Amino acid sequence: HIARWDGSAWHALGEGVGGNVSAIVVSGSDVYVGGDFTTAGGLPANRIARWDGSAWNALGEGVNEAVDTVEVNGSDVFVGGNFTAAGGLPASRIARWDGNTWNALGDANSLDGSVHALAASGDQIYVGGGFTAAGEVLANHIARWDGSAWYALGEGVNDAVHAIAVSGNDVDGGGDFTMAGGALASYIARWDGSAWHALGEGVGGSVSAIAVIGSEVYAGGSFTNAGGLTVNHIARWDGSAWHALGEGVGGSVSAIAVSGSDVYVGGYFTMAGGSPANNIARWDGSAWQTLGQGVCGIRWEGVSAIAISGSDVYVGGSFI
């Protein structure tokens with residue numbers, strides 16, 4: 001369920017984890033992994049674990065249901081999902097590990113629905129999901145935590161948020177929604193700190209992954225068009241128009257990570273740019289490239305998470 005690509009070959013991370021991986025974050029030499037597992041390296045680890053380069057480590061007692069998203073901010077590790085307890089204490093869908101103990105964010109029952117996406121900017125944590133309230137604040141599917149209180153992002157959006165990326169003052173969100181701030185916004189929108197904006201005509205279906213590099217936004221999901229163009233599950237917004245990445249990929253995209261001019265894309269597909277590619281591929285700016293034989297298993301498998309550290313690409317999902 002997790003592997004490392006070093007640019008030429010795949011490597012296991014010890015014995016891996018005992019179930020599907022939904023999120024990966026790299027912080028220094030540590031790799032944090034969240035998902036729907038209860039063991040890591042053969043040892044108990046409830047839905048969240050840390051690989052230190054040679055061994056797996058639990059984060060206390062972990063959480064009591066699947067983790068969908070993980071974010072590291074300084075010495076804190078934030079996790080989101082549909083759980084109701086962290087470290088054996090009440091924590092509604094989001095919790096913070098401070099290196100020693102688990103902590104709720106404000107009221108232990110602060111979020112009334114699942115969390116699918118987290119992004120940090122300074123001391124601010126942006127949270128997206130299926131909720132409509134954060135603390136006592138009406139926050140339609142997206143909210144901000146400043147370390148002590150919850151805040152809405154205007155009127156929010158009208159359906160679940162599955163991906164968030166922050167760049168400067170801009171917060172890009174993607175998901176199942178078709179309106180943001182009360183105006184039309186097809187599955188992706190930008191909050192500039194005071195108002196919501198559509199990204200052109202948006203895309204033609206749900207967005208599951210977003211990555212921002214400079215002024216460019218990469219979006220992936222279940223759509224096949226963006227701004228009226230055929231894009232096949234992955235597209236690039238340059239600030240004024242949408243662009244295809246060649247022929248795109250042959251199935252849904254669940255994860256995107258950008259490193260320099262390389263865009264790594266993972267999901268549930270067997271083709272990229274018209275050539276075989278098992279669930280992960282790299283766009284080099286002009287063409288699609290495979291990562292060896294990709295990832296696979298004995299049943300329907302795919303990639304749900306990608307994180308990059310130097311020349312290493314960490315990939316997680318349902319593969320074996």
Side-chain angles (χ1 to χ4, degrees), residues 1-4 12-106 108 110-111 113-120 125-131 145 162-164 209 254-255 257 266 303-309 314-320:
H1 307 287
I2 183 161
R4 178 176 61 88
L13 275 66
E15 297 178 33
V17 300
N20 293 349
V21 169
S22 301
I24 306 172
V25 176
V26 181
S27 178
S29 60
D30 291 324
V31 181
Y32 292 91
V33 176
D36 193 13
F37 53 84
T38 56
T39 62
L43 301 173
N46 289 317
R47 288 97 186 177
I48 178 77
R50 177 175 60 88
W51 171 256
D52 64 11
S54 58
W56 286 99
N57 303 269
L59 276 64
E61 296 179 32
V63 300
N64 70 331
E65 293 290 346
V67 167
D68 289 340
T69 179
V70 179
E71 180 68 294
V72 176
N73 195 28
S75 60
D76 292 326
V77 181
F78 294 86
V79 301
N82 202 34
F83 53 84
T84 56
L89 301 174
S92 182
R93 287 102 179 183
I94 189 167
R96 176 176 62 88
W97 171 257
D98 64 11
N100 295 295
T101 60
W102 285 100
N103 305 269
L105 274 63
S110 58
L111 296 177
S114 58
V115 170
H116 305 309
L118 294 169
I125 304 296
Y126 293 89
V127 181
F131 56 85
W145 171 257
H162 294 292
I164 302 175
S254 302
V303 168
S304 301
I306 304 173
I308 299 174
S309 177
Y314 294 91
V315 177
S318 54
F319 58 87
I320 59 169

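Computed from a prediction, not measured in an experiment: that's the story for all the values here. Side chains are part of it too, since the values below use all heavy atoms of this structure and drop only hydrogens, waters and symmetry mates.
Nearest heavy atoms, V72 versus S27: CG1-OG, 3.8 Å. Between A91 and I94, the closest heavy-atom pair is CB-O, 3.8 Å. The shortest non-hydrogen separation linking S304 to V21 is CB-O, 3.4 Å. The two residues F78 and L118 make their nearest non-hydrogen contact at O-CD1, 3.6 Å. The two residues A120 and I125 make their nearest non-hydrogen contact at CB-CD1, 3.7 Å. The heavy-atom pair separating V17 from A40 by the smallest distance is CG1-CB, 3.8 Å.
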Practice task
Go through the steps for V79 and W102 under the test side chain to side chain contact (heavy atoms under 4.5 Å, CB included), then give the verdict.
Solution key: CA-CA 10 Å; V79 301; W102 285 100; 3.6 Å; yes

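Judged purely by atom type and a 3.5 angstrom limit, N46 uses its side chain to pair as donor or acceptor with the backbone of E61. Between the side chain of R47 and the backbone N or O of V67, no donor-acceptor pair lies under 3.5 Å. Listed for the W56 side chain is a donor-acceptor partner under 3.5 Å among the backbone atoms of L13. Side-chain atoms of S92 do not come within 3.5 Å of backbone N or O of S110 as any donor-acceptor pair. Remark: side-chain polar atoms of T69 are not paired, donor with acceptor, to backbone N or O of G80 under 3.5 angstrom. Proximity of a side-chain donor or acceptor of E65 to a complementary backbone N or O of N82 within less than 3.5 Å is not detected.
Residue pairs meeting the salt bridge (charged side-chain N to carboxylate O under 4.0 Å, His left out) criterion with at least one partner in residues 13-25, sequence neighbours excluded, do not occur; the list is empty. The stretch residues 75-93 participates, sequence neighbours left out, in these salt bridge (charged side-chain N to carboxylate O under 4.0 Å, His left out) pairs: D76-R96.
The shortest distance between side-chain heavy atoms of Y32 and L59 falls below 4.5 Å.
Residues satisfying the side chain to side chain contact (heavy atoms under 4.5 Å, CB included) criterion with T84, sequence neighbours excluded, are N64.
Distance check: W51 CH2 to I24 CD1 gives 13.0 Å after rounding to the nearest 0.5 Å. For the atom pair CD1 of I48 and CZ of F37, the computed distance is 6.0 Å after rounding to the nearest 0.5 Å. Distance CG/D36 to OG/S318: 11.5 Å, rounded to 0.5 Å.
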